[in-house]
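Report on the following structure.
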Number of protein chains: 2
Amino acid sequence: MLEPVAQRTTVYDVAERAGVSIATVSYTFRQPDRVRPETRELVLRAARDLGYVPSGSARGLANGRSQALGLYAFDMFLPSDLSAPRRSLDELVQWELDGLGNVRRFPLYVDEIQRGFELEARRLGRSVMLGSGASRDSLDSIDLAGSVDGLAIFPGAAARDLLEHVGRGVPVVIFSSPPMNDALHHITVDNEGAVRDLVDHLVDRHGHRSVAFLGELAAPDIGARFAGFQAALAAHGLPVPEEPFDTTVLTEDSLRTLRDAITSGDLPDALVCATDQLALTVLDLLAQHGVRVPDDVAVTGFDGIIAGRLSDPTLTTVRQPFASMGRLAVRILTDTAAGLAHPKSYVLPTRVVIGGSCGCG
Amino acid sequence: MLEPVAQRTTVYDVAERAGVSIATVSYTFRQPDRVRPETRELVLRAARDLGYVPSGSARGLANGRSQALGLYAFDMFLPSDLSAPRRSLDELVQWELDGLGNVRRFPLYVDEIQRGFELEARRLGRSVMLGSGASRDSLDSIDLAGSVDGLAIFPGAAARDLLEHVGRGVPVVIFSSPPMNDALHHITVDNEGAVRDLVDHLVDRHGHRSVAFLGELAAPDIGARFAGFQAALAAHGLPVPEEPFDTTVLTEDSLRTLRDAITSGDLPDALVCATDQLALTVLDLLAQHGVRVPDDVAVTGFDGIIAGRLSDPTLTTVRQPFASMGRLAVRILTDTAAGLAHPKSYVLPTRVVIGGSCGCG
DNA sequence: TTGTACGCGTTATCAC
DNA sequence: GTGATAACGCGTACAA
């Protein structure tokens, strides 16, 4: 069992022990061919004896790049997960085992994008740096930006100007945010088209006439989905609502309109939800009030997260190519840093996934 | 749309523009109270104008810590995912949409541990650095170790001495590896007990007498599971095998013994698989040969991954508190760095999860 | 082939 | 309250 080193071992320590200069030590690791085999062995041995591990910070400083790519999430984690006080280990374990892996919390779409990001970064031999912060004033994202060669971000409470700020120094790509005239790279999907497909299915296949949209327009992509919803209804000659039927905010009083409609027995034929997570919440609410899906009302989601395949009924939804989005982000970041140009925005295709919630079951 | 900065803006640039010294710039960000409000404004304005983002490397170098925690995976990713050549974006997207989110690949147990790690790191305001590498000779892990304040790793092709090496410099915790007399921190579950519970269930509840264990003993935890298996059989007065019934290696010829048993119609009553992934593969193989589960043979897994809840039949298995393991790792790492002592190894509890594959359906 | 010396961008310890 | 200045650990021209 090796002794831990008291203080960080540096090139100087290794050099001294090996009886060479620090340059030789550095060369031994970076350009082994430049040093005579015997010297090399000497250095490697000394390094091993001393438990030498080169400082990433120092290397990053010296050659200007950290070889790391950053991925930043704002408040994607549910409040109960993030701001929870430090619980005892026992409590954590019991809580987790009791919950037995709640699919409603993980994996969410963010996690799928992240996985693609990780895989591609790994393929390119780069490490990934994960950051997250809650408040929009938080400078966490700036901190992260200072440590990576490129940064990918999820939309959220992200102060726009803050992003523009960091975007001046390192390439930045933002997910699920429609193309804009800013300095950032955008990766989105064809939200309008996807929702149109969904509505066509509900109308053509199931003959629904009264179709409602639920979702919070604040999020950038949701706006596009609602626009697609409106366009689809118009194309079918159906009345086009000015606003979503209901919106969700994370309060006790959420989904008020829907609750009222349930109570009054005045539900639309179908509920087009802006996200799978919302759709699942809606399913819960409906079940809770004895409303049957899809018999009494059809429901659709958006994203294609795993939880939607475990619900009852399973969710009819639109699948986004999340992993590919993550991979693409890495490519944009590395290519850009290497001088290769990329379009300022990518719009990827999606695919409708038929589940039981639309009535196809 | 702001101009990107040609070269990295530094404290010097900001200082010059604000007409102050670099010390004042630094203070403005780190100890705002120490500088006069007017000066502060001056500096902040200059920083904003110049798109200043402090260098993480320089900061890390200067104060000795990066505030980042590392998580390293060896070859957890499936070959097809990692060493794939650079495919075109279109190919990637189509491939992904056709696959529609293959739960067999994600999320695996590694991902669940990672999530816990991320959540706790976030709670503590630390960023996470992800690394991975394939070969055991690879120095990637050392690279990562040099950039973080603490490192957590998954077992794998990890050269033991390599880990000991990095362990001398920064605290290291290793998952799913039984306690050893090394310098590392270990986090495991009660593998023996868990498998014992499983076997008890198969024997007591379902009356199975001929129970077989499938798994590759190479992985550290698997050995403990097999030991628990042997102990359980002994306790029931049943014959105790010296070795696993079959092992899996990632070759075409894998699961040979099982294949033969299927062909000869000489299957055991129950197949206790060392992991869920193996159990799912076994389910596939059995189905492929027309063997019904659990009617013809019972199958159990280990881990409690999500894919096991989506299979048909669903998997009877043992759930590990993955997220808690990840969280615990972060606590060990940060506490250790702060001078607080932690036990060199933790053994967490598990829970049996009854699915349909054991016959309880 | 190896050694010397400087720069990378911050932080922090001093004086002022 | 603010300004010089010395680390921090490594990479690399340049010199030897």
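Heavy atoms only: backbone and side chains are in, while hydrogens, waters and symmetry mates are out. All values derive from a computational prediction rather than experimental measurement. A, B, ... follow the sequence lines: proteins, then strands. Residue 1 opens every chain.
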- Item | Any donor-acceptor N/O pair under 3.5 Å between D:dC8 base and A:Tyr12 side chain |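 Check fails, no donor-acceptor contact within cut-off.
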
- Query: Is there a donor N/O on one and an acceptor N/O on the other, under 3.5 Å, for the side chain of B:Tyr52 and the base of C:dT10?
  - Reply: no

With a 4.0 Å limit, can you tell me whether [X] has a side-chain N or O closer than that to the phosphate oxygens OP1/OP2 of [N]?
{"X": "A:Thr39", "N": "C:dT2", "answer": "yes"}
{"X": "A:Thr10", "N": "D:dG9", "answer": "no"}
{"X": "B:Arg30", "N": "C:dT11", "answer": "yes"}
{"X": "A:Ser57", "N": "D:dG9", "answer": "no"}
{"X": "A:Arg8", "N": "D:dC8", "answer": "no"}
{"X": "B:Gln31", "N": "D:dG1", "answer": "no"}

- Item | Under 3.5 Å donor-acceptor, A:Asp149 side chain and A:Ser66 backbone | yes

- Query: Which nucleotide in the set C:dT2, D:dC10, D:dG1 lies at the smallest distance from any side-chain heavy atom of B:Arg36?
  - Reply: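 Looking only at side-chain atoms, B:Arg36 lies closest to D:dG1.
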
- Nearest to side-chain heavy atoms of B:Thr24, which nucleotide of C:dT11, C:dT10, D:dT2: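 Selected nucleotide (nearest to the side chain): D:dT2.
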
- Task: Step by step, work out the side-chain contact (heavy atoms from CB on, under 4.5 Å) result for A:Arg123 and A:Glu120.
- Result: CA-CA 5 Å; A:Arg123 212 177 60 79; A:Glu120 191 72 9; 3.0 Å; yes

- Message: Given A:Thr188, which partner from the list A:Pro155, A:Pro220, A:Pro179 fulfils the side-chain contact (heavy atoms from CB on, under 4.5 Å) test?
- Response: A:Pro179

Classify the nucleic acid contact of [X] as base, sugar-phosphate or nothing, counting any heavy atom under 4.0 Å across all strands shown.
{"X": "A:Val35", "result": "sugar-phosphate"}
{"X": "A:Arg34", "result": "base"}
{"X": "A:Val25", "result": "nothing"}

- Message: Can you confirm whether or not the ring centre of B:Phe175 sits under 6.0 Å from the ring centre of B:Tyr109?
- Response: no

- Message: Nearest heavy atom decides the nucleotide; on that basis, is A:Val11 or A:Tyr27 closer to the 5' end of DNA chain D?
- Response: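 Per heavy-atom nearest nucleotide, the more 5' residue is A:Val11.
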
- Contact nearer the 5' end of DNA chain C, comparing B:Ala23 with A:Ile22: A:Ile22

